[in-house]
Amino acid sequence: QVQLVESGGGLVQAGGSLRLSCAASGITFNIYTMNWYRQAPGKQRELVASITTGDNAIYAESVKDRFTISRDNAKNMVYLQMNSLKVEDTAVYYCNAKFVRIGVDYWGQGTQVTVSS
């Protein structure tokens, strides 16, 4: 069955960095667009970054130039490097896989990122 497992979250001071990882299994990884979403308490889930099968990346304006999404198709992994973290980046971060052609959408369990001042 499909599994997306996030790791790398934790507590970090503002200005610091974290690297999130997502390990995918049960899907043909290289045909899926991979995404990172986040959800802060009391707020809607939002798209943070997306990377296509062709390695084209897009970012939410709030994280542009601070976060970098990447993928390793050989390892079925997607990463989110987060630099210059801000308190407002505090959220649960979710890995997501989409196969748009069929409308398939899979989610990981989330990993907590807490940025302290």
Side-chain angles (χ1 to χ4, degrees):
Q1 70 185 45
V2 176
Q3 283 191 306
L4 301 176
V5 180
E6 301 98 332
S7 61
L11 176 65
V12 64
Q13 290 190 35
S17 297
L18 284 173
R19 188 190 192 219
L20 305 184
S21 299
C22 173
S25 61
I27 61 171
T28 305
F29 183 79
N30 63 1
I31 66 171
Y32 281 76
T33 293
M34 300 301 298
N35 309 287
W36 287 98
Y37 287 77
R38 69 186 180 189
Q39 188 166 26
K43 298 180 67 176
Q44 294 281 90
R45 189 171 298 187
E46 65 172 341
L47 178 66
V48 176
S50 178
I51 186 164
T52 69
T53 58
D55 264 8
N56 185 45
I58 60 170
Y59 301 91
E61 188 64 31
S62 60
V63 309
K64 190 165 291 185
D65 301 322
R66 299 189 298 121
F67 291 9
T68 303
I69 188 171
S70 61
R71 66 191 296 159
D72 186 338
N73 289 338
K75 297 180 178 179
N76 289 1
M77 297 285 291
V78 63
Y79 307 96
L80 186 68
Q81 179 66 46
M82 306 186 295
N83 298 326
S84 302
L85 282 160
K86 303 175 179 180
V87 171
E88 50 263 47
D89 295 318
T90 295
V92 177
Y93 284 71
Y94 296 92
C95 181
N96 168 263
K98 293 185 185 293
F99 185 38
V100 176
R101 187 68 184 86
I102 302 177
V104 170
D105 196 36
Y106 299 110
W107 294 88
Q109 83 288 350
T111 186
Q112 177 71 48
V113 172
T114 303
V115 184
S116 66
S117 61

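Note that this is a predicted model, so its numbers are computed, not measured.
- The two residues Ile69 and Ala57 have their closest heavy-atom pair at CG2-CB, 3.7 Å.
- Ring pair Trp107/Tyr94 is perpendicular by interplanar angle, where above 60° counts as perpendicular and below 30° as parallel.
- One hydrophobic cluster, built from ILVMFWY side chains closer than 4.5 Å, holds both Val2 and Trp36.
- Counting heavy atoms from C-beta on, the side chains of Val92 and Tyr37 never come closer than 4.5 Å.
- Put simply, Met34 and Tyr106 are part of the same group of oily side chains (I, L, V, M, F, W, Y) that touch within less than 4.5 Å, one to the next.
- Between Arg45 and Asn96 the shortest side-chain heavy-atom distance does not fall below 4.5 Å.
- In this structure the side chain of Thr28 never reaches within 4.5 angstrom of the side chain of Phe99, judged on heavy atoms.
- At a threshold of 4.5 Å between side-chain heavy atoms, the hydrophobic network of Ile, Leu, Val, Met, Phe, Trp and Tyr places Val104 and Phe29 in one connected group.
- Ile51 contributes atom CD1, which lies 9.5 Å from atom OG1 of Thr33 (distance to the nearest 0.5 angstrom).
- Side-chain atoms of Lys75 and Ser21, non-hydrogen and from C-beta on, never get closer than 4.5 Å to each other.
- Under a hydrophobic-cluster definition in which Ile, Leu, Val, Met, Phe, Trp and Tyr are linked whenever side-chain heavy atoms come within less than 4.5 Å, directly or via other members, Tyr79 and Tyr59 are assigned to different clusters.
- Annotation for Tyr93 and Met82: closest pair CE2-SD, 3.9 Å, computed over non-hydrogen atoms.
- At least one cation-pi condition fails for Arg71 and Tyr32: the charged atom is not both under 6.0 angstrom from the six-membered ring centre and inside a 45 degree cone around its axis.
- The backbone N or O of Thr111 sits nowhere less than 3.5 Å from a side-chain atom of Glu6 that would complete a donor-acceptor pair.
- Applying the 6.0 Å contact sphere to CG of Asp65 captures no more than 12 heavy atoms from other residues, nucleotides or ligands.
- The two residues Ser17 and Asn83 make their nearest non-hydrogen contact at OG-OD1, 2.9 Å.
- Gln112 is listed as a side-chain neighbour of Thr90, based on a closest heavy-atom distance under 4.5 Å.
- Scanning all heavy atoms of the two residues, the minimum distance from Thr53 to Ile31 falls at CG2-C, 3.4 Å.
- Minimum interatomic distance between Asp105 and Lys98 (heavy atoms only, all atoms of both residues): OD1-NZ, 2.8 Å.
- Each of Val48 and Met77 belongs to its own hydrophobic cluster when Ile, Leu, Val, Met, Phe, Trp and Tyr are linked at side-chain heavy-atom distances under 4.5 angstrom.
- Closest approach of Ser50 and Asn35 over heavy atoms only: OG-OD1, 2.6 Å.
- Residue-environment remark: CD (Glu88) exceeds the threshold of 12 foreign heavy atoms within 6.0 Å.
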